[in-house]
Structures are given as C-alpha cells and as structure tokens.
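Lettering follows sequence order; numbering is per chain, from 1. Keep in mind it's a predicted model, so treat the numbers as computed, not measured.
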Number of protein chains: 4
Amino acid sequence: MTDIPYRNGLIIGAGPGISGSLTRLLRAAGIPVVVAARQVDRLAPLVEAGAVALPVDASDAGQVERLFAETEARIGAPEIVIYNASGRVRGPIAELDPAEVERAVAVSALGAFYTVQQAAKRMVPAGKGAILLTGATAGVKGFALSAPFAMGKFALRGLAQSAARELSPQGIHVAHVVVDGGVRAAHRPDPADRPDSTLDPDAVAQCYLDLLRQHRSAWSWEIEVRPWVEKF
Amino acid sequence: MTDIPYRNGLIIGAGPGISGSLTRLLRAAGIPVVVAARQVDRLAPLVEAGAVALPVDASDAGQVERLFAETEARIGAPEIVIYNASGRVRGPIAELDPAEVERAVAVSALGAFYTVQQAAKRMVPAGKGAILLTGATAGVKGFALSAPFAMGKFALRGLAQSAARELSPQGIHVAHVVVDGGVRAAHRPDPADRPDSTLDPDAVAQCYLDLLRQHRSAWSWEIEVRPWVEKF
Amino acid sequence: MTDIPYRNGLIIGAGPGISGSLTRLLRAAGIPVVVAARQVDRLAPLVEAGAVALPVDASDAGQVERLFAETEARIGAPEIVIYNASGRVRGPIAELDPAEVERAVAVSALGAFYTVQQAAKRMVPAGKGAILLTGATAGVKGFALSAPFAMGKFALRGLAQSAARELSPQGIHVAHVVVDGGVRAAHRPDPADRPDSTLDPDAVAQCYLDLLRQHRSAWSWEIEVRPWVEKF
Amino acid sequence: MTDIPYRNGLIIGAGPGISGSLTRLLRAAGIPVVVAARQVDRLAPLVEAGAVALPVDASDAGQVERLFAETEARIGAPEIVIYNASGRVRGPIAELDPAEVERAVAVSALGAFYTVQQAAKRMVPAGKGAILLTGATAGVKGFALSAPFAMGKFALRGLAQSAARELSPQGIHVAHVVVDGGVRAAHRPDPADRPDSTLDPDAVAQCYLDLLRQHRSAWSWEIEVRPWVEKF
C-alpha cells in the first residue's frame, strides 16, 4: 500500500504549507500522523486531513518531551520526525531586542535539538527512524540584517550534520532540507507572469518523501530545493 | 505508465554499475535510452536491457558532437542527459605524468562541458530537459595524493553550478550528484558483517529518478548519497 | 609606533592561551586592553601583561552591556572587540542534559551576538572598528557526539557572515577565525617527535593582528589556521 | 632585514597588478624574484622593480618545466612560488568555442598543476617552501554565463586543497587566495564616490606576505579578500 518504510510520523512546527502537504501525502499512504504547533487552531486543515493535533512550544524542552510521550500514547513512538519550526527577527544588529534574538535561536535550533533528542531516545533502541530538519538558505548564507535567523539556521545545520554522523550508523536517517525560496500560499500566490516562481508545498513535501524512501545504502544528509527561476 | 516528464535519455560514460541501473529503470518506464562509452563491449548488459550502445571518447569535443547527432537520429534529441565519465590518476604530485593529469581532467570535466553544451543546444530551444552530472566526494574535498581527481571533480561541480544558474530559468534542470562511497559490484560485494556499506547502484539510480521527477517549482541542483555507515 | 589602525581593545572569554598572546601583542603595540571572563582570577597573567580585567558572564545580555559601559569608562569605546568564549558539552544526543546544551549554545553563540551588538552600537556611529570572532572546525563540520558544540560554532559562523555583510560597508571589519587544532599550553605541550603539531597561541594571535592590519580595500571575513601536520 | 622565511621567489602569470605589488614587496625585503608571463613586454615595470623576467606559456607543461630550470639557474630553486595566471571566456554554454574552453581550463588549472608539480619536485626534498595560488570568487561560486572560468577556478581550488593536504606535512605551505572583486589599475580607478571599492593590489599583496610569514604551527590554506563595500 505504501513504500515508505516507516510506520507513523510526528511533524513539529506544523502549519498549513509544507506540513499540510506532508500530512496529506503521509495520510494518503496510510501513515498515522501527529502534528504539533503552538497555535493548535492553525492545524485545523491538517486535522481534517486526518492528523492528530497537539499543542507544543518547541522551544521548551519539557513540552517537547511531553509531546513525544503523548504522541507515543496516541500513535506509537514516531518513526518519522520532522522539524519545521523556525524563529526569525530582522533588523540592524545594533537595534535588535536580545530577548527576541534568544527566542529566535531557541525556536530554530534548540527546539530542533530537543526534538532530535527525543527522537533519538526512541529510534536508537529500535535501530530505525528518519529525522528531517527543515532548513533555509539562511543556514548556508548569513544575510545582512538577518543575523538571528542566520544563527538559528546555521545552528540547525550543524545539529543536522552532527546528528547524521552520530545516528546514521545506528540506522537512523537524518537529513537537512535547505528550502530556498518563498512557499506558495493562498495569501502568496505566484505572479501570473512567473509561473512556479514560488515553492509549491506539495513539490517540497515530495522531496521529503523521496528522502524517506531512500535505501540505507544511499542516504542523503542534505538537499536543497528552489524554484527554477530563483536566483542563487 | 511513467511519471518521468522526459521522453528519452542519453547516458555518457556508461558502465555496468550506476549506468546499468539507470538504463533498467528508464527502460522499465518505457523510455528509450542511448548509452555511450569508449569500450562499447562493456555496454553489452545495457544493450540486453534495451539500450542502444554507441562509442564515444567523451574527452573529444568532436566525438561528443557526433554522438549527440547520432543519438538524435536514433531516438530523437535526448531530453535526459547523464554524464558519468571520470578520469583518475593517483600519486604524489611530484611524480605524476602531466599527460595523464591532462587526460584525467579532460575526461572528468571537459567531456562534461562538451556534453552540457550539446545538451544545451537542443534543450534551450525546446525549453525543456534534464542534465545530471555524476560527482564524487573529491569534488567537495581535495584529498592528498589525488590532485588530478580533485581538479576534475571540482571543475565538474563548478560547471554544474554555473550551468544550473544559466539553464534552470530556461526550463532545464541541471543537477550534480555527489556519490560518496564505493559502488557495489560483482567484484566488490558488501562485506558480510557490514551490510549495505557500499552504494547499491539501484539505490543511486533511484536518486537520479527522484531528481528527474522533481517539479520545477522545487528543483535541487545538488544532492549527495552515501551508505549509512560511511564516514564523512 | 604601531601600524594597527585601532585605538584600544576588548577581549571577551579571555584565558591564558590565544587571549594571553593577543593581550601581549596589543600591549606591545601600546594599545590599551580590557580582558573579561567569568573567572577573573584566570586573567592574572593578562593583568601582569598590562590588561585591565573585568568579570563577565558573556551568556548574559545585561552583563555584556555593562561590560561595554565599564570598558568605555576605563579605556574608551573599544575599537577592537574579540570574542573567544565558547561552550561545549559532549556525548550521545540522547543522553545530553538539555540545560547544558542551552548553556553551551548561549556561551558560543548568544554571547557573541550580545558582544557584536554592543560593539556595533559604538562602532557604527564612529564608522570604524574591528570585530574578530574565534571559531572552530566544529563551525564548518558537525562531528558526531558533539552536537551542542557544532550548534554553537555554526551559529557563530552564521552571525559572523551576516554581521560582515551588514557592517563591512559601514566601515567595520568583521572576521571569523576557524581555529583548527589544539592550542599549545603549559599542560599541553607538543609531543617531542611532532614539533609544532599544536597551535602556538602567539602564531594564532599573529593571524588576528594580520587581520587587524588589513586595509579596507582587501578585507577577509574568514581565515582558518591549523598546524602543518594537522589532518583536515 | 626581512622576516619572510624564504630565500627567493617565482611569480607565474605575472602582470602589472597583484604581481607588480608582490614583486615590489619581495624586492623591498631583499628577495630575488623571477616573474614569468606569455607577454614578457608586459613585465617591464616589474623588471624596473628589480625582477628577472622570463617568458612562459603556463598551459604548456614543458615550458613550465624549463621555466623552473631557468629560474633555478638564475636565482636558485624558488622557495616561494606564486601562480596568478587564469583563463576566461564568457558566454552562453551553447555558444562557447570548445577550443577556447579548453584553453581557459588549461591556463587556470593545468598550468597551476604543472607549477605546483615543479615546485614540489624542488621543495619536497628541501622540506621547505610556500606555494600561493590566486583564486577567484568563481572558484567557490559558479556564475551563469561563465562556466569555463568556474571550471578552471574550481579545479584550481581542488588542486590547492589536495596539495595542501599532501604537502603541508612535508613542510610546504600551500595556500589559496580567493580574490573577490576587481583589482584597481590605472585604467580602472576607484569611482570617486566609492573609495576603496576595488582591491588595491598592494593590499592584496600584503595578504600574500602575511601568509608567507605564518609560522607552521598556524598555517592557513585559504583566505579571501574583498573590498569593504563589495557584495558577497
């Protein structure tokens, strides 16, 4: 019925875009999915698509721990774990509010660590699992006026690479997806004269599925996706 | 019958490993394939799998030009073009034969350029096509005692990135696959106690297919594949 | 008397190694230096070398703010600011203490942000200054069993690149030094049969001085230093 | 009289810009210098500055070999070797002349290989020497419409990294300088409203000298230089 070699999934930092598409693709393959975010009401379309919605502030280690326990109670220990949350604050370095910078790094990077940790606690004993971390161009290029986002996304990439080196030989596939471009949304459609100039969330989700289907003899730890007309 | 959005394919530098798997996967999808290499006799299993075999020394611009013309005559202008050839000579820098170094760079990099050029001549007017270039870890890390391979594979990566920036907005998907690890073969099976510690050519070929299937709203220009237990 | 085009310096996260050498080189050039660290008693040799020592927990935004104010009162607004602090905790991801991970990232990355921010507040109006951030190999390669250090040092590198893009055109030289190897110390001398196999802190400090002396028409934002025999 | 720990130097691909500044700086330190280029007449100002000028087509292995022999006869085996030559042809991939592409790669990369090889033959037995290779942004980023330059400069970077890994532990300092920006020249002065927006060749040459002065306990294999206002 499905060739995805995992039993169930947990998506953290879920929203209507990439997470919505992932939920639909996984559900279509008959895979139970828990989606979690701070604002659970934003998850309504995902619940309609068949997901269980749970609240979490991913920047809080205790909440992430409880989310995994609750997920385990609902659908079993998740074999697919996807981290989509990110924090961002823009502006000249001299003018940023330190508390907001801390928050941005906590959401983009520390929350990913808590997530990878809870996933590893369950996947290492099982010798199986997949952890996908959603990165951004800011994780490979630090733009002006966006230092906190660069810090968080670079840290996420470092975590992903370190986790891949540690966990891959234990049977756990860790991958980092560099999402380069704006994701299409109802409020952000493509310009009429530039078709597919934004990322179709279904196309991005397909890339995640391709990763999930990879055989362990040929795993990728990083891939980027961008619209054909995106400058890079 | 197939969801690969291209009509036919040409694989250069073909051998029994990755190219063999690619041929079988493409043929299984009903896609006509020409395979080309210097030693055509090595292509016998690919011909059995349904490919047309043609001879080419990829380091010769004229031969590459004629190969494309002949391919066009046989199966039409190729919409998928894959370059797998590479040249390698190892040893201390002081002891290498300059002529062999030139040859290694010509096969790994110049041949790829001739190939991308011939592909571009046909794909740009059509506004459609995919060019996949087979790289190696040596293209992102220059190892000691292997300078010529590093030169060729770094050059290939530079070509791939430049071609992606130029051709993607014209509808042509250019991607560079970093193959990190040994490819499994009859003469190089996995050690019994290290299953899947080499790259299964079918698994690598699947990664190429995933790239071919990507929608233009979310193209990748680079991906690496390595066995789960490979150090990196 | 000196060709370093800056008036005074502040070194945060100072210890006897690289910071000690930097202090001596700057003092030898007649440049007033404030050194700051959590354990001020470790700074005694730097005070002997002519530095003013002040206490700071760099992971606390308020303390960093007060440190800059106090530094300004003592030697004027610092035109050279160097961040050497880093936090590290090692172990399998599943077994790490989240609080220690937070602390490690806070010291390696958030403290650097507070520092760059306080420096920028003073340097931007002046249109002059140099900010040097001490990185590690872990900032470009995430090693197994060292995820928190990778997160902190990757984040630092993202900050450095973003800050360089923002602040360089305002006359402020931002650079990231990738220190690759162990730093020689009284308790960690070179093996007798491997001379210069560790980083001489004076040689590292010389690299910082080279950066400080660079003319704005040819600034570097990143450089790495490693012993001649270090594997990389 | 000089703190440059090398006795003499050879600069290949020399012209009036960076090579001119290097010649003057080395000569000012009392170091004999041979400069070599295809068009020896362009070297007149360097001869005036005290260099010996010799002709070479760096893309010809035999000529490079003879250049080193002749240099050895004139000033002894060179302890500093600098490669500045590069080949470039621009245009859409489909329209480039293959022969010009081959020539560009031969000058940027193969010539550098011949040079590193001849240098290694002399430096390895001596256990001493420095090889500096002049790169470009095109060596780390492949731009559209500039595939041949990307190929040559990527290959050069691969050579530099491989050579550094091989030769550093034998006492030979190999470094790659990423020159990012236009070099100031009589015919290309700075715009009046953008001071130092081009690379001052003296400032670039100073960076090379900083590398030459590095102690083997803290060598760099790569550094980039760009004007303070250059976008990157």
Inset, instruction - Please determine, among D/Asp180, D/Leu167, D/Val229, D/Leu199, the option with the most heavy-atom pairs under 4.5 Å with chain C. - result: D/Leu199
Inset, instruction - State, with a plain yes or no, whether a side-chain heavy atom of D/Glu224 is found less than 4.5 Å away from one of C/Trp221. - result: yes
Legend entry - From CG (D/Asp210) to CZ (C/Arg213), nearest 0.5 Å: 8.0 Å
Legend entry - Interface residue of largest heavy-atom contact number with chain D, from C/Cys207, C/Gly181, C/Pro169, under 4.5 Å: C/Pro169
Inset, instruction - Compare every heavy atom of C/Glu222 with every heavy atom of D/Ile223, then report the nearest pair and how far apart it is. - result: CG1-O, 4.0 Å
Legend entry - Residue C/Arg7 excluded, over 12 heavy atoms near CZ under 6.0 Å: no
Legend entry - chain C contact via D/Ser197 - which portion, at a heavy-atom distance below 4.5 Å: neither
Inset, instruction - Pick whichever of D/Trp219, D/Phe232, D/Trp228 has the most heavy-atom pairs under 4.5 Å with chain C. - result: D/Trp228
Legend entry - Interatomic distance, C/Asp202 atom CG to D/His215 atom NE2 [nearest 0.5 angstrom]: 10.0 Å
Legend entry - Residue, of D/Ala218, D/Ala203, D/Pro227, that accumulates the most heavy atom pairs under 4.5 Å with chain C: D/Ala218
Legend entry - Main-chain N/O of C/Lys231 paired to D/Arg165 side chain as donor or acceptor, under 3.5 Å: no
